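Predicted model only: the values in this text are computed from it and were never measured. Residue numbers begin at 1 in each chain, while the letters A, B, ... track the order of the sequences.
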There are 2 protein chains.
Amino acid sequence: MSQQRHGSTPGNTGAVPAFPDLPEATIARLPEYLRALHNLAESGSETVSSEGLAAAAGVNSAKLRKDLSHLGSYGTRGVGYDVALLVDQIEYILGLDQRRAVALVGVGNLGHALAGYDGFASRGFRIVALFDSDAEQVGKPLGDLTVRHIDELGMAVVEEGITIGVIATPAGAAQAVADDLVAAGVTSILNFAPCVLSVPAGVDVRKVDLAIELQILSFHEHRKASLTAIPGGRSAQPGNQEAVGS
Amino acid sequence: MSQQRHGSTPGNTGAVPAFPDLPEATIARLPEYLRALHNLAESGSETVSSEGLAAAAGVNSAKLRKDLSHLGSYGTRGVGYDVALLVDQIEYILGLDQRRAVALVGVGNLGHALAGYDGFASRGFRIVALFDSDAEQVGKPLGDLTVRHIDELGMAVVEEGITIGVIATPAGAAQAVADDLVAAGVTSILNFAPCVLSVPAGVDVRKVDLAIELQILSFHEHRKASLTAIPGGRSAQPGNQEAVGS
DNA sequence: TGCTGTGAAAGGCTTCACAGCG
DNA sequence: CGCTGTGAAGCCTTTCACAGCA
C-alpha cells in the first residue's frame with residue numbers, strides 16, 4: 001500500500017536512531033492515540049494505562065500495546081504510560097514538531113470549509129496558500145488569505161516551504177492539479193476529488209471520498225435490512241463501543 | 001472490524017439469494033469500482049477487462065478479479081465484464097437502488113459544505129433534513145432545506161425514512177448527537193467530529209477525520225526527509241499509479 | 001488464444017496469553 | 001501484585017499462477 005520500500009534504512013545500523021519501521025496500520029492509529037492523549041493531558045492525567053488509553057482511542061488494549069511497543073518502551077510496568085512523554089514521542093514520529101505548510105487548491109464548496117477548518121491549525125498544520133483556476137475566485141479574500149491563481153503555485157511552494165497539497169477541485173481538474181503540485185515539488189497530496197490520481201513514485205497520496213463513506217454505510221444498512229427480515233437477530237446491548245470498517 | 005456477525009444468514013440455505021458474505025476490504029472497494037464503471041459507461045464502453053477496470057479504479061487486476069468473484073460470475077472469459085450489468089450488480093449490493101435519506105447534524109463550516117456537496121445527490125443519497133442545536137442557525141434556509149432544531153430529529157427520521165446520520169458538529173457535541181440519532185432510530189452514522197463515538201451494537205459508525213489524514217501524510221513526509229538525508233534513494237519514474245495507506 | 005475465476009502461498013494484522021519488570 | 005512488552009497463534013488480505021471456459 002505504501003509506495004516506497006519500508007525496510008529500515010539500509011546501511012544505517014545503529015548510529016542515527018534509525019527511523020522506525022512502523023506497520024502502516026499502526027501509523028494510521030497514532031493520530032487517534034495522540035488526540036486521546038491530548039484530551040487526557042487537558043483533564044489533568046499524568047499517566048494512563050493501556051486499557052485507559054485504548055478506551056479513549058476506541059481500540060482494544062492489546063492492539064494499543066503492540067502499536068506503542070513499535071515506538072520503543074515508553075511505558076512503566078505496573079503503572080502505565082507517561083502522557084506528556086508519549087505525546088512528544090508520537091508528535092515527533094508524525095513529524096508534527098514542525099508545523100507543516102499546506103496548500104489548498106480549489107476554493108469551491110468544500111474548499112471553503114477546509115480553509116476555515118479549525119482542526120488543521122490546532123493539530124499541526126498551517127494552510128498558507130489558497131489556489132483556484134477560476135478567475136472569478138482569484139483575488140477574493142478567505143480568512144487571512146487571498147485566493148491566488150494556480151499558476152503561482154510553483155512560486156508559493158518554494159517561498160512558503162509547502163510540503164502538502166490538498167485537492168478540493170472537481171474530479172475533472174484533479175489530475176492536472178496533482179501534476180502541478182508534483183511539478184512544484186509537493187510530495188504529499190490529500191485528494192478530496194472522486195477520482196484516481198496518478199503520481200510519480202515518492203509522492204504519497206491519500207484520498208477522502210465522502211460519497212464512498214456513505215456508500216459503505218449503505219451496504220451495511222442493506223445487509224442489516226436483509227438480516228432483520230429473518231427472525232433471530234437483534235440483541236443490542238447499549239453502551240458498547242462499536243465501529244465498522246476502518 | 002464490523003460489529004455484527006458476518007456469517008451467511010443462518011438457517012437460510014438457498015431459498016432467498018442469501019446476502020453475500022463479502023470481506024470488509026472488498027466492500028470498501030466496491031464504491032470505487034462503481035465510480036470507475038460509471039465513467040466507463042459514460043465514455044461508451046460496453047465491456048471492460050479486469051485489467052482495464054483495475055487501472056481505472058487504482059488497484060491491481062488480481063485483487064479486482066478476486067473482489068468481483070465474491071459477487072458471483074459476472075464476467076465472460078476471453079472478453080471481460082459487462083459494464084452495465086456490473087453497475088447494476090454493485091448498486092444492488094450496496095443498496096443504492098433505493099436513494100437513501102440522510103440527516104445532517106451541525107451546519108457550521110463543514111456542515112455547510114456537506115449540505116451543498118453535489119457528490120451525495122449524484123451517487124445515491126438525498127440529504128433530507130438539516131439540524132443544529134444553535135438557535136441562531138435554526139430556521140435559516142440552506143439550499144432547498146431549512147435548518148431545524150435537533151429536538152425535531154426523532155420526528156423527521158420517521159417522516160422522512162432517514163437511515164443514515166451525518167455528524168458535523170464540534171467534538172464536544174458529537175456523542176450527544178449520536179445518542180439522539182440512535183434514539184431516533186438511525187442505524188448508520190458518518191462522523192466528522194474528531195472523537196470516538198459509543199453506540200449500541202447494530203449501529204454502524206464510520207469516521208472521517210481530516211486532520212488525521214494530514215497527520216498520516218506528515219509521517220510520510222517525515223520519513224522521506226529522514227531517508228533522503230541518506231544517499232542511495234530517489235529513483236522516481238513518473239507516470240506510475242501510487243498511493244499510500246488505505 | 002485471451003481473459004476470468006480460483007486454489008494455494010505469502011504477507012500482514014489482530015488477538016491471545018503470559019513472561020517479566022517495576 | 002499490576003501492567004507492560006512480546007512470542008505465538010489465528011485470521012484476514014493480497015498476490016501468484018494457472019486451470020478452464022468462451
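- S218(B) places a side-chain N or O within donor-acceptor distance of the main-chain N or O of L94(A), the cut-off being under 3.5 Å.
- With no hydrogens or angles considered, a side-chain donor-acceptor pair links T187(A) and E221(B) at under 3.5 Å.
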Go along nucleotides 8-13 of chain C 5' to 3' and tag each nucleotide: B for a protein heavy atom under 4.0 Å from its base, S when only backbone or sugar atoms are that close, - otherwise.
-> B----S

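- D82(A) and Y74(A) form no side-chain donor-acceptor contact under 3.5 Å, judged by distance and modelled atom types alone.
- Side-chain atoms of H220(B) and R223(B) include a donor-acceptor pair closer than 3.5 Å.
- Across the protein-nucleic acid pair, I27(B) atom CD1 and dT14(D) atom C1' stand 17 Å apart, rounded to whole Å.
- Here S49(A) does not reach the OP1 or OP2 of dC3(D): none of its side-chain N or O atoms lies under 4.0 Å away.
- The side chain of R65(A) lies closest to dC18(C) when the candidates are dT4(C), dT15(D), dC18(C).
- Salt bridge status for K207(A) with E32(B): present, with a side-chain N to carboxylate O gap under 4.0 Å.
- Put simply, the residue from I189(B), N191(B), L190(B), I164(B) that forms a side-chain contact (heavy atoms from CB on, under 4.5 Å) with R206(B) is L190(B).
- N60(B) has a side-chain polar atom (N or O) that falls below the 4.0 Å cut-off from OP1 or OP2 of dT15(D).
- Following rounding to the nearest Å, L64(B) (CG) and dT13(D) (C1') show an atom-to-atom distance of 15 Å.
- Across the protein-nucleic acid pair, R77(B) atom CZ and dA22(D) atom P stand 7 Å apart, rounded to whole Å.
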